[in-house]
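Data first, discussion second: the structure below is written as structure tokens.
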Amino acid sequence: TRAQQLGQNVKRPVVQEVTPTMRTLHAPRPKVVLKPRDEKRVASIALNKEITARNATYKSILNLFDRRGAEFDGVNLSTAVHRLGSRFARSRNIRTDGTVRQLIDRATQLIGEGHATYGARETANTAWGVTKMGLDAPALEAIVDLCRARTAVATAVAEPGSFALV
């Protein structure tokens with residue numbers, strides 16, 4: 001090379017020999033075995049994909065709840081109510097459909113129980129969907145009352161100064 005011709009010191013790259021341990025580091029990874037709680041999460045994600053599918057109609061969302069309502073967690077329920085409110089709020093049938101009432105009753109039940117998958121975001125999405133659908137006030141009032149009760153319990157148990165942005 002030109003550097004060698006000029007008498008400059010050139011470092012040559014060191015070629016490292018591949019050892020058996022290096023081969024095992026780059027071996028294909030074994031397939032991950034899902035734990036039971038992971039399977040529930042995977043099922044929940046699959047339900048949400050069905051709820052939010054582009055071709056989903058309000059009837060398909062309600063039929064999904066009829067068929068698999070027992071599998072719906074807080075995220076699925078709030079997604080369904082929010083989706084119904086955002087895409088199908090103008091439909092007259094949605095206000096009179098009994099399945100919508102069952103969906104909201106189930107959501108209100110989980111909010112009241114303080115279910116682990118029904119946090120602040122899910123509660124807000126549910127309240128927004130109920131409001132957007134123009135459903136009668138008792139459904140929204142029940143959600144607000146449950147939120148007040150949960151807030152009262154949280155503030156009674158909390159230490160002073162523990163709520164930074166309440």
Side-chain angles (χ1 to χ4, degrees), residues 27-166:
R29 293 183 178 183
K31 189 173 181 178
V32 176
V33 178
L34 296 176
K35 297 176 185 173
R37 77 177 151 188
D38 293 334
E39 290 173 4
K40 284 184 180 180
R41 185 162 185 261
V42 168
S44 177
I45 291 169
L47 281 172
N48 260 8
K49 285 183 179 180
E50 285 187 59
I51 293 166
T52 58
R54 278 190 179 174
N55 61 349
T57 63
Y58 87 90
K59 288 214 179 254
S60 69
I61 294 171
L62 296 178
N63 285 338
L64 182 64
F65 179 71
D66 272 342
R67 286 183 286 117
R68 298 176 61 189
E71 298 173 41
F72 275 49
D73 63 5
V75 176
N76 301 133
L77 288 167
S78 68
T79 302
V81 172
H82 189 274
R83 187 67 163 191
L84 291 171
S86 65
R87 300 246 345 250
F88 310 108
R90 293 186 176 158
S91 173
R92 291 182 204 167
N93 298 338
I94 208 161
R95 291 184 188 97
T96 58
D97 196 313
T99 309
V100 173
R101 176 65 55 202
Q102 291 173 359
L103 180 71
I104 293 169
D105 288 345
R106 176 84 172 114
T108 324
Q109 175 191 1
L110 288 185
I111 293 170
E113 293 172 356
H115 198 269
T117 61
Y118 227 103
R121 175 179 289 163
E122 291 78 21
T123 304
N125 285 344
T126 302
W128 184 90
V130 169
T131 304
K132 189 75 175 170
M133 283 187 274
L135 295 176
D136 55 345
L140 188 57
E141 286 175 16
I143 293 171
V144 171
D145 289 342
L146 290 167
C147 288
R148 280 190 192 126
R150 284 178 66 184
T151 304
V153 169
T155 54
V157 174
E159 295 177 18
S162 63
F163 290 102
L165 298 172
V166 175

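Small disclaimer: the values here were computed from a predicted structure and weren't measured.
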inquiry  = So, using salt bridge (charged side-chain N to carboxylate O under 4.0 Å, His left out) as the criterion, who are the partners of Asp105 when residues are at least two apart?
reply    = none
inquiry  = I'd like to check Ile61 versus Leu103 (side-chain heavy atoms, cut-off strictly below 4.5 Å). Are they in contact?
reply    = no
request  = For Gln102, check side-chain hydrogen bond (donor to acceptor under 3.5 Å, both in side chains) against everything at least two apart and list the hits.
outcome  = none
request  = Kindly determine whether Thr79 and Leu47 satisfy side chain to side chain contact (heavy atoms under 4.5 Å, CB included), including the steps that lead there.
outcome  = CA-CA 10 Å; Thr79 302; Leu47 281 172; over 6 Å; no
Distance-only check: which donor-acceptor pairs under 3.5 Å involve side-chain atoms of residues 124-134, not counting sequence neighbours?
from, atom 1, to, atom 2, distance (Å)
Thr126, OG1, Tyr118, OH, 2.5
Thr126, OG1, Glu122, O, 2.8
Thr131, OG1, Ala127, O, 2.8

request  = Keeping the roles fixed (side chain from Ser86, backbone from His82), state whether a donor-acceptor pair exists under 3.5 Å.
outcome  = yes
task = Measure up the Phe72 and Phe65 rings against each other and bin them: parallel (under 30°), tilted (30 to 60°), perpendicular (over 60°).
result = perpendicular
Which residues share a side-chain hydrogen bond (donor to acceptor under 3.5 Å, both in side chains) with Thr99, sequence neighbours left out = Asp97
remark   = What one should report as the nearest heavy-atom pair of Ile51 and Ala80 is CG2-CA, 3.8 Å
message = Once salt bridge (Lys or Arg N to Asp or Glu O under 4.0 Å) is applied, what residue pairs with a partner in residues 55-72 remain, sequence neighbours excluded?
response = Glu50-Arg68, Arg68-Glu71
inquiry  = Determine whether Ser60 and Asn63 satisfy the following criterion, side chain to side chain contact (heavy atoms under 4.5 Å, CB included), listing intermediate values before the conclusion.
reply    = CA-CA 5 Å; Ser60 69; Asn63 285 338; 5.5 Å; no
ask   = From Gln109 CD over to Ile111 CD1, what is the distance, rounded to the nearest 0.5 angstrom?
value = 10.5 Å
Pairwise salt bridge (Lys or Arg N to Asp or Glu O under 4.0 Å) hits with a residue in residues 72-87, at least two apart = none
task = Find out whether Ser78 and Val81 are in side-chain contact, i.e. whether some heavy atom of one side chain is under 4.5 Å from a heavy atom of the other.
result = no
